[in-house]
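A note on names: the letters A, B, ... follow the listed sequences, proteins ahead of strands, and every chain is numbered from 1. For clarity, every value in this text was computed on a predicted model and none was experimentally measured.
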Amino acid sequence: MKHGKIQKHGKVIEVKNLKKFYGRFEALKGINIELYKGEIFGFLGPNGAGKTTTLEILEGLRRPSEGEMWFLGEKIHGDVPPKIKEKIGVVLQETRFLDHLKVKEVLELFASFFKNSLGVKNVLRTVKLEEKENTYSENLSGGQKQRLAIAVSIINDPEIIFLDEPTAGLDPQSRESIWNLIEELKSYGKTIFLTTHYMEEAQRLCDRVAIIDHGQIIELGTPAELISKYGGKSEVDFECSPTPTTVALNALGENLIISGDHFRIMTQNLTKTLEALVLWSKKFDISLTNVFLIEPNLEDVFLKLTGRGLRD
Amino acid sequence: MVKSHSQMKNFFELVRKSFYMFIRDRQATIMIFISPIVFMLIIGFVISGISGGTTSVNVKVAAYTSNSSNYEQLFKKAAEKSGIEPIFVKDKNDVKKLVNSGKVQMGISLESSTVTFFYNQSFGQYNNYLKDLQSFIVQAIREEISGIPMYIQIVPNSLKTGSSLTVISFIVPGILAIAIMMAGVFGMATTLGTYRENGSLKRLRTTPLNGSLFVFSIALNRFWSSILSSYITVLMSEWIFSTNYNINWPLFSILMASAVFMSLGFGTAFSVVFKDLWTILNFSTIVLVIMMLFSNVFYPFSIMPEYMKVIARVMPITYFAQGLRYTLGIAPVYLWKFTLINIIFAFGGLLMIVLGGKAIFYLEKR
Ligand SMILES: Nc1ncnc2c1ncn2[C@@H]1O[C@H](COP(=O)(O)OP(=O)(O)OP(=O)(O)O)[C@@H](O)[C@H]1O
Ligand SMILES: [Mg+2]
């Protein structure tokens with residue numbers, strides 16, 4: 001994929017054998033993760049996998065039952081200390097800001113909690129909410145609210161930003177704008193830990209992804225690594241006219257699956273297969289319609305690993 | 001130094017923002033101001049309708065001291081401290097006669113070793129005030145005789161012979177006390193409960209913000225509004241019920257300040273103990289109703305059965321109402337007692353706010 005290997009220096013977060021019990025229920029069964037400076041690390045997993053639990057333990061909102069954590073090389077004993085809270089930014093899964101405050105007032109207020117501040121104007125510009133600075137936060141649209149949540153999370157110029165499902169429930173356009181924003185934050189050198197159950201999101205944004213299910217990390221790697229390991233074959237789908245002759249069909253090879261007038265070719269090499277298909281259509285004078293390219297994705301990886309879909 | 005300066009600035013920012021949130025929440029703000037007034041009007045009209053409570057009586061006291069002692073001097077001093085100016089008569093029988101004829105409401109006779117109080121039973125409810133007065137006089141005499149210096153300046157000079165006592169003027173301070181406590185407890189509990197339920201508290205907990213400071217900033221805004229509302233309520237009652245108080249504004253303000261703090265403290269404490277907004281509100285309602293009924297809000301201490309006195313003695317509202325009556329000039333209270341009440345209210349309230357703020361941030365952790 002588009003991100004290369006990240007350089008493994010500057011461990012920003014390290015978590016060892018993190019466990020969390022809710023009563024008897026074991027929500028986290030020993031999580032081990034390391035986050036490196038400047039990377040986007042993703043937790044991809046279905047509902048109830050333990051994504052929020054992990055994040056909120058790191059944010060100091062919940063107490064781990066067992067395990068060790070290091071922030072910026074410093075071991076955390078007990079509660080996450082204010083010194084660390086100065087350096088983290090948080091977007092919760094659901095954010096509600098204090099009512100009756102305007103956008104810029106929300107930012108001023110949060111800025112006052114920290115020693116560092118990027119400045120309200122700067123942050124508003126970054127998240128493109130300048131025009132809404134005088135709107136009450138409760139009157140923002142869903143996407144705008146999420147942008148405000150991100151603005152608030154970066155007001156203290158944090159080193160680490162936690163984003164819990166930053167685009168859940170947003171329309172494609174808002175999602176795209178949040179993705180761009182997250183990439184911009186990465187370009188400023190921020191380390192980002194995000195959770196999602198959208199594989200497109202993980203694939204697009206994350207340098208490394210941990211696939212989590214039932215409180216356990218079942219696989220961890222770059223999206224490309226995971227897909228090539230578990231993703232299986234790519235696929236070209238098409239229809240054509242006139243209906244190809246048997247001779248023509250045989251020429252397409254044994255990876256062809258025919259269902260009515262619908263054809264699918266499974267392949268390890270999409271480019272080669274496409275080239276061949278175009279040549280084939282010229283040779284037999286067949287015109288192709290409704291051509292779809294289907295690449296393997298993290299969804300397939302998840303399916304392979306768990307036997308379930310991400311949103312089952 | 002630099003750090004503490006910036007912390008001050010941050011605190012100022014916090015107070016300013018909670019001020020905006022507070023005043024922009026129109027309905028809540030309006031309720032804070034008008035609920036004590038509405039409360040007072042409703043109960044005031046009902047009570048005065050039932051008891052004819054707005055008709056007033058002049059409290060007059062007649063006194064006799066035996067010639068053979070220096071008791072007249074002593075008694076004059078004691079009476080002065082109690083804020084009454086008795087009519088001195090030369091014969092003990094004259095005291096009784098005056099009482100029986102209804103020309104005075106209370107008679108006191110002071111002989112070598114006995115103090116006798118005379119009442120006219122036909123004065124019914126007013127005897128309750130007289131009984132309060134009586135116990136005060138007894139104490140004053142005791143201290144005068146044993147030579148212990150008294151806290152002279154504390155004695156209300158407003159309870160003069162001739163001042164009028166009405167049921168409504170007794171009850172208004174009680175209602176004011178309960179209304180102010182209600183506004184404080186509910187205001188704090190709803191605000192904190194709402195912040196917890198809508199998740200904004202959670203978001204704040206990920207920042208280095210100190211929980212005590214946050215809760216304190218909310219309390220400050222409730223604080224000034226409650227004080228203001230108490231002034232309006234008292235002035236309204238003066239106007240509507242002609243209560244004719246002799247208000248000691250500085251003491252009134254001090255008491256209001258400490259009592260509001262206490263109420264805000266209780267509101268904070270309740271929202272620490274109970275997690276769910278509705279539970280907090282229900283619990284607060286129950287507590288306030290108990291406080292209202294088992295205290296001196298509606299009836300004086302002296303007419304309560306013994307068991308009720310015991311309960312009333314542990315109710316903060318009892319002392320609040322008592323203190324209020326004192327600052328409004330209708331009940332005698334020692335200044336040391338008044339001071340103690342204020343100190344306990346203010347510090348108790350502050351403690352609950354500070355510890356409650358810490359706890360509210362801390363206990364959310366699961
Ligand atoms: N406070 C709690 N008490 C009891 N169980 C809880 C609590 N919080 C979470 N759980 C349980 O722990 C598991 C993990 O929950 P968590 O919120 O971490 O999942 P998630 O991966 O964030 O899911 P989602 O994608 O739905 O947000 C779930 O089974 C959930 O029911
Ligand atoms: Mg979650």
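- Interatomic distance, NZ of B/Lys202 versus CD of A/Glu56, reported as 3.5 Å (0.5 Å rounding).
- Between the B/Arg203 side chain and the A/Val90 main chain, a donor and an acceptor come within less than 3.5 Å of each other.
- The pair A/Glu105-B/Lys17 fails the salt-bridge criterion, with no side-chain N (NZ, NE, NH1 or NH2) lying under 4.0 Å from an Asp/Glu carboxylate O.
- The cationic group of B/Arg205 does not satisfy the cation-pi geometry with A/Phe113, failing either the under 6.0 Å distance to the six-membered ring centre or the 45° limit from the ring axis.
- There is no contact between A/Lys83 and chain B, counting heavy-atom distances below 4.5 Å.
- Environment of CH2 in B/Trp278: sparse, with no more than 12 heavy atoms of neighbouring residues, nucleotides or ligands closer than 6.0 Å.
- More than 12 heavy-atom neighbours from other residues, nucleotides or ligands sit within 6.0 angstrom of NZ on B/Lys275.
- In this structure, CG in A/Asp99 is found 11.5 Å from CZ in B/Arg24, a value given to the nearest 0.5 Å.
- Nearest heavy atoms, A/Phe97 versus B/Ser200: C-CB, 4.2 Å.
- Minimum heavy-atom separation, A/Arg96 to B/Asn198: CB-O, 3.0 Å.
- The OH atom of B/Tyr20 sits 14.5 Å away from atom CG of A/Leu98, with the distance rounded to the nearest 0.5 Å.
- Interface residue A/Ser153: backbone and side-chain heavy atoms are both found under 4.5 Å from chain B.
- If you measure heavy-atom distances from A/Val152 to chain B, the contacts under 4.5 Å come from both the backbone and the side chain.
- Interface remark: A/Phe110 contributes side-chain atoms only to the contact with chain B (heavy atom separation under 4.5 Å).
- Interface remark: A/Leu92 contributes side-chain atoms only to the contact with chain B (heavy atom separation under 4.5 Å).
- Neither the backbone nor the side chain of A/Glu94 comes within less than 4.5 Å of any heavy atom of chain B.
- The local environment of CZ in B/Phe347 is sparse, with at most 12 non-hydrogen atoms from other residues, nucleotides or ligands closer than 6.0 Å.
- Between chain A and the residues B/Ile23, B/Leu204, B/Asn210, the largest count of heavy-atom pairs under 4.5 Å involves B/Leu204.
- The line from CG of B/Asp25 to NE2 of A/His100 is 3.5 Å long, rounded to the nearest 0.5 Å.
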